[in-house]
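Notes follow the structure.
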Amino acid sequence: MLNGKRFPFIEQSNSLGISSSMPYLPITLTYKNRSIEDMALLDTGASVNVLPYEIGLQLGAVWEEQTVPVQLSGNLARLEARGLVVSATVTEFSPVLLVFAWTKSTEAPLILGQMNFFVEFDVCFYRADLAFEVRPRRK
């Protein structure tokens with residue numbers, strides 16, 4: 001992939017102690033002049049980006065000010081979520097605006113999904129190497 005950046009899969013353990021390698025991407029999120037660095041799970045099966053409640057609070061977002069409801073699906077379907085737009089920076093690439101379903105869940109991971117992470121970036125997975133490569137889409 002031309003002009004891309006390669007990342008290794010990260011070993012993670014769940015609450016039962018079972019470990020697996022997953023495609024976690026270092027990302028910087030910025031909202032209202034506050035920034036945080038975190039690791040986000042690339043989830044090609046997720047229809048939306050998901051922002052856990054605590055991360056939204058750390059960014060200075062106020063739950064009551066977010067008025068756009070978002071319906072989550074899968075194991076997060078029972079949770080209330082609201083739309084939140086934040087600036088996101090991946091490695092040395094230019095910042096992009098990402099739309100998140102900000103959920104009140106403290107257990108949901110930071111997820112990058114089809115709408116709109118995979119609209120802004122091309123991703124190529126190398127399963128044999130347990131790695132993936134990310135590059136901004138040309139517009």
Side-chain angles (χ1 to χ4, degrees):
M1 190 181 292
L2 296 177
N3 301 318
K5 172 84 172 161
R6 197 171 211 170
F7 299 90
F9 278 41
I10 304 290
E11 187 88 10
Q12 295 283 319
S13 295
N14 66 15
S15 59
L16 300 173
I18 299 170
S19 65
S20 60
S21 294
M22 303 293 284
Y24 278 90
L25 178 68
I27 192 166
T28 301
L29 301 176
T30 304
Y31 181 78
K32 292 188 176 180
N33 298 319
R34 286 192 190 172
S35 294
I36 63 161
E37 294 179 14
D38 209 330
M39 298 295 284
L41 175 64
L42 290 182
D43 188 347
T44 60
S47 54
V48 297
N49 301 320
V50 177
L51 186 72
Y53 189 65
E54 291 299 320
I55 293 177
L57 292 179
Q58 290 173 26
L59 287 169
V62 177
W63 182 260
E64 294 76 20
E65 292 176 1
Q66 310 315 312
T67 59
V68 178
V70 178
Q71 180 61 52
L72 294 173
S73 60
N75 62 353
L76 300 176
R78 62 180 169 68
L79 300 171
E80 184 180 1
R82 297 181 181 178
L84 183 67
V85 178
V86 303
S87 176
T89 305
V90 175
T91 189
E92 69 271 358
F93 303 139
S94 297
V96 296
L97 292 178
L98 294 181
V99 179
F100 282 90
W102 181 26
T103 178
K104 277 211 165 175
S105 172
T106 56
E107 297 176 15
L110 177 57
I111 298 173
L112 300 173
Q114 294 295 327
M115 184 48 75
N116 65 325
F117 181 81
F118 287 99
V119 171
E120 296 290 340
F121 292 92
D122 286 323
V123 179
C124 184
F125 291 93
Y126 302 100
R127 189 65 186 160
D129 296 341
L130 289 178
F132 61 96
E133 194 166 334
V134 176
R135 77 170 166 83
R137 288 195 174 193
R138 300 197 193 286
K139 296 184 180 169

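Position 1 is the first residue of the sequence, and the numbers go up from there. Worth saying up front: this structure is predicted, and the values here are computed from it rather than measured.
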- Polar side-chain atom of Gln114 near backbone of Val119 as donor-acceptor pair, under 3.5 Å: no

- Query: Taking everything shown except Gln12 itself, do over 12 heavy atoms lie less than 6.0 Å from its CD?
  - Reply: yes

- Inter-residue atom distance Glu54.CD - Ser105.OG, 0.5 Å rounding: 10.0 Å

- Task: Could you grab the distance from atom OG1 of Thr28 to atom CD of Glu37, nearest 0.5 Å is fine?
- Result: 4.0 Å

- Atom CD of Glu133 and atom CG of Asn3: how far apart are they, to the nearest 0.5 Å? 9.5 Å

- Item | Heavy-atom side-chain contact between Tyr126 and Phe9 under 4.5 Å | no

- Side chain proximity check, Tyr31 to Leu29, heavy atoms < 4.5 angstrom: no

- Task: State whether the number of non-hydrogen atoms from other residues, nucleotides or ligands found under 6.0 Å of Met115 atom CE is greater than 12.
- Result: no

- Message: Would you say Val96 ends up clustered with Val86 if hydrophobic residues are merged whenever their side chains have heavy atoms under 4.5 Å apart, either directly or through other cluster members?
- Response: yes

- Query: Roughly how far, to the nearest 0.5 Å, is the OG1 atom of Thr91 from the CZ atom of Arg135?
  - Reply: 15.0 Å

- Message: Same cluster or not: Ile10 versus Val90, using hydrophobic residues (I, L, V, M, F, W, Y) connected whenever any side-chain heavy atoms lie under 4.5 Å apart?
- Response: no

- Note on the structure: The side-chain hydrogen bond (donor to acceptor under 3.5 Å, both in side chains) partners of Arg6 (sequence neighbours excluded) come to Asp129

- So Phe121 and Phe93, would you call those rings parallel, tilted or perpendicular, with 30° and 60° as cut-offs? tilted

- Item | Nearest-0.5 Å distance that lies between atom CZ in Phe132 and atom CG in Leu25 | 5.0 Å

- With the 4.5 Å side-chain cut-off for hydrophobic clustering, are Ile111 and Leu42 part of the same group? no

- Item | Sidechain-backbone polar pair: Asn116 side chain, Leu98 backbone, donor-acceptor under 3.5 Å | no

- Task: With the side chain counted from C-beta on, respond yes when Val99 and Val70 share a heavy-atom pair under 4.5 Å apart, and no when they do not.
- Result: no

- Message: Could you go through Ser13 and Ser19, starting from their C-alpha distance and side-chain angles, then the distance that decides it, and tell me whether this counts as side chain to side chain donor-acceptor pair (under 3.5 Å)?
- Response: CA-CA 4 Å; Ser13 295; Ser19 65; 4.6 Å; no

- Can you say whether the rings of Trp102 and Trp63 are parallel (under 30°), tilted (30 to 60°) or perpendicular (over 60°)? perpendicular

- Co-membership, hydrophobic cluster, residues Leu59 and Phe117, 4.5 Å side-chain: yes

- Query: Is there a donor-acceptor contact under 3.5 Å from the side chain of Asp43 to the main chain of Leu112?
  - Reply: no

- Task: Compare every heavy atom of Gly113 with every heavy atom of Asn49, then report the nearest pair and how far apart it is.
- Result: OD1-N, 2.7 Å

- Message: Ignoring hydrogens, what is the shortest heavy-atom contact between Gln66 and Gly83? Give both atom names and the distance.
- Response: OE1-O, 3.6 Å

- Query: Rounded to the nearest 0.5 Å, how far does OG1 of Thr103 lie from CD1 of Ile55?
  - Reply: 11.5 Å

- Message: Quick one, Ile27 and Leu110 - any side-chain contact, counting heavy atoms below 4.5 Å?
- Response: yes

- Item | Min side-chain heavy-atom separation Lys5-Val134 under 4.5 Å | no

- When hydrophobic residues are tied together by side-chain contacts of less than 4.5 Å, even through go-betweens, does Leu41 share a cluster with Met39? yes

